[in-house]
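Working notes for the structure below.
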Amino acid sequence: MTTKTASDRLWLAAAIQVSRQAPPSPDRYAVGAVVVDRDGIVLATGHTGEGDPRNHAEEVALAKLAGLDLTHATLYTSLEPCTARSSRPVPCTGLILAAGIGRVVFALREPPVFADCDGVETLRRAGVEVVEAGELAHLVGEVNAHVLVAAG
């Protein structure tokens with residue numbers, strides 16, 4: 001069962017705020033990610049382009065936690081984790097599964113601007129609890145107006 005809590009909305013809003021650190025680019029989404037442990041402690045954050053223009057938010061946050069047991073952690077990401085990308089061999093869904101994240105909360109499904117994405121289904125098939133908080137999707141749309149308006 002995928003239950004959304006008030007804490008989920010707060011952490012997801014924090015991930016959306018982190019996404020605002022990503023420099024707007026016409027060829028990528030501005031995404032933010034926050035990894036939180038079961039006690040509500042932030043373990044890591046990441047945003048698109050952090051450290052390298054090709055980096056995805058989830059990729060950045062998870063790289064900061066390499067080697068840690070993340071079974072009981074939740075990854076909050078403003079946009080549905082990708083299942084295809086041209087800049088790296090492993091998409092974010094693969095990185096999430098490899099890290100052992102047990103729960104993912106996101107606001108907006110990836111629009112089909114750059115690639116077809118089935119991140120929700122991929123993660124659920126692998127046993128990850130996935131929660132969609134669509135009531136915050138408009139905020140992700142605002143942050144990504146540079147891409148979504150142009151794709152139009």
Could you list the donor-acceptor pairs under 3.5 angstrom formed between side-chain atoms of residues 9-22 and any protein atom two or more places apart in sequence or on another chain?
residue : atom : partner : partner atom : Å
R9      : NE   : E135    : OE2          : 3.0
R9      : NH1  : T5      : O            : 3.3
S19     : OG   : I16     : O            : 2.5

Nearest heavy-atom neighbours spanning [X] and [Y]:
| X | Y | answer |
| --- | --- | --- |
| R103 | Y76 | NH1-OH, 3.8 Å |
| R28 | P53 | NH1-O, 3.1 Å |
| A84 | P91 | N-CB, 3.8 Å |
| E58 | P81 | OE2-CA, 3.6 Å |

Reported [atom1]-to-[atom2] distance for the pair [X] and [Y], which is rounded to 0.5 angstrom:
| X | Y | atom1 | atom2 | answer |
| --- | --- | --- | --- | --- |
| L68 | D37 | CG | CG | 10.5 Å |
| I101 | T74 | CD1 | OG1 | 7.5 Å |
| L95 | C82 | CG | SG | 7.5 Å |

Is [X] linked to [Y] within one hydrophobic cluster, defined over Ile, Leu, Val, Met, Phe, Trp and Tyr using a side-chain heavy-atom separation of less than 4.5 Å?
| X | Y | answer |
| --- | --- | --- |
| V147 | V140 | yes |
| L75 | L65 | yes |
| L136 | Y29 | yes |

| said: Under a 3.5 Å distance rule, please check whether R124 uses its side chain to pair with a backbone N or O of V130 as donor and acceptor. | reply: yes

